[in-house]
Trainee: 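Next up is a structure, given as structure tokens.
None of these values were measured; they are calculated from a predicted model. Position 1 is the first residue of the sequence; numbering continues from there.
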Amino acid sequence: MAKKLVIKVTAGADAPERCSQAFTVAAVAVASGVEVSLWLTGESSWFALPGRAAEFDLPHAAPLPDLIEGILAGGRITLCTQCAARRDITEKDVLEGVRIAGAQVFVSEALADGTQALVY
């Protein structure tokens, strides 16, 4: 099993099942002791903002705010620099614990030894 897991989620409310799967896998991995880095890109970028995850609803899925809390408790959440800029989101706008970083950081994390990368 990989010691580190990098997950890029591109889906948001536009593809709720895919979005929920990414956050669920990330939260379960953190709870299992895996080092997790979840990247918010595309429509999932909105979930870096306070209150936005509470608006997400998918029957039979864990609440997105709870999953985010679990991920931040033991992992890292990063908002894509370009995705943030396209949505006029700045570092002062995002949830506490969420960072904004670009492709160079993503590539570095994804290619690190002992890392598995997933894209949803």
Trainee: Among all residues two or more places apart in sequence or in another chain, which pass the side-chain contact (heavy atoms from CB on, under 4.5 Å) test with Ala103?
Mentor: none
Trainee: Return the set of residues passing ring-ring contact (aromatic ring centres under 6.0 Å, His included) with Tyr120 (not counting sequence neighbours), or none when no residue passes.
Mentor: none
Trainee: So which pairs with a foot in residues 8-28 pass salt bridge (charged side-chain N to carboxylate O under 4.0 Å, His left out), sequence neighbours left out?
Mentor: none
Trainee: With heavy-atom distances below 4.5 Å as the criterion, would you say the side chains of Arg99 and Val105 are in contact?
Mentor: yes
Trainee: Quick check: closest heavy atoms across Leu49 and Asp93, and the distance to 0.1 Å?
Mentor: CD2-O, 3.5 Å
Trainee: For a quick test of reading the model, state the closest non-hydrogen atom pair linking Leu95 to Pro50 and the distance between them.
Mentor: CD2-CA, 3.5 Å
Trainee: By the salt bridge (charged side-chain N to carboxylate O under 4.0 Å, His left out) test, which pairs, at least two apart or in different chains, include something from residues 47-68?
Mentor: Arg52-Glu55
Trainee: Does one hydrophobic cluster hold both Phe106 and Val9, with members joined at side-chain heavy-atom distances below 4.5 Å?
Mentor: no
Trainee: Got a sec, which residues hit side-chain contact (heavy atoms from CB on, under 4.5 Å) with Thr24, two or more places apart in sequence or on another chain?
Mentor: Ser20, Val28, Leu67
Trainee: List the residues meeting salt bridge (Lys or Arg N to Asp or Glu O under 4.0 Å) with Glu43, not counting sequence neighbours, and say none if there are none.
Mentor: Arg87
Trainee: Rounded to the nearest 0.5 Å, what's the gap from CG on Leu5 to CD on Glu35? Could you check?
Mentor: 10.0 Å
Trainee: So which heavy atom on Ala13 is nearest to which on Phe56, and how close?
Mentor: CA-CE1, 4.2 Å
Trainee: I need the minimum non-hydrogen distance between Thr90 and Ile100, along with the two atoms involved.
Mentor: C-CD1, 3.7 Å
Trainee: Determine, using the 4.5 Å side-chain heavy-atom cutoff (strictly less than), whether Ile7 and Leu58 are members of one ILVMFWY cluster.
Mentor: yes
Trainee: Among all residues two or more places apart in sequence or in another chain, which pass the side chain to side chain donor-acceptor pair (under 3.5 Å) test with Ser37?
Mentor: Trp39, Glu109
Trainee: Just jot down the side chain to side chain donor-acceptor pair (under 3.5 Å) partners of Thr41, sequence neighbours excluded, or say none.
Mentor: none
Trainee: Is Val36 linked to Val6 within one hydrophobic cluster, defined over Ile, Leu, Val, Met, Phe, Trp and Tyr using a side-chain heavy-atom separation of less than 4.5 Å?
Mentor: no
Trainee: Please collect all ring pair (Phe, Tyr, Trp, His ring centres under 6.0 Å) contacts where either partner lies in residues 59-90, sequence neighbours excluded, each pair once.
Mentor: none
Trainee: Could you pull out all residues at least two apart from Ala112 that satisfy side-chain contact (heavy atoms from CB on, under 4.5 Å)?
Mentor: Lys4, Thr115
Trainee: Any link between Phe47 and Leu118 through a network of hydrophobic side chains (Ile, Leu, Val, Met, Phe, Trp, Tyr) touching at under 4.5 Å?
Mentor: yes
Trainee: Determine the minimum heavy-atom distance between Ala11 and Ser44, stating which atoms define it.
Mentor: O-CB, 3.1 Å
Trainee: Any chance you could measure Leu38, atom CG, to Phe23, atom CZ, to the nearest 0.5 Å?
Mentor: 5.0 Å
Trainee: Can you name the residues that form a side-chain contact (heavy atoms from CB on, under 4.5 Å) with Arg86, not counting sequence neighbours?
Mentor: Gln82, Cys83
Trainee: Tell me the closest heavy-atom pair linking Ile71 and Ala26, and the distance in Å.
Mentor: CD1-CB, 3.6 Å
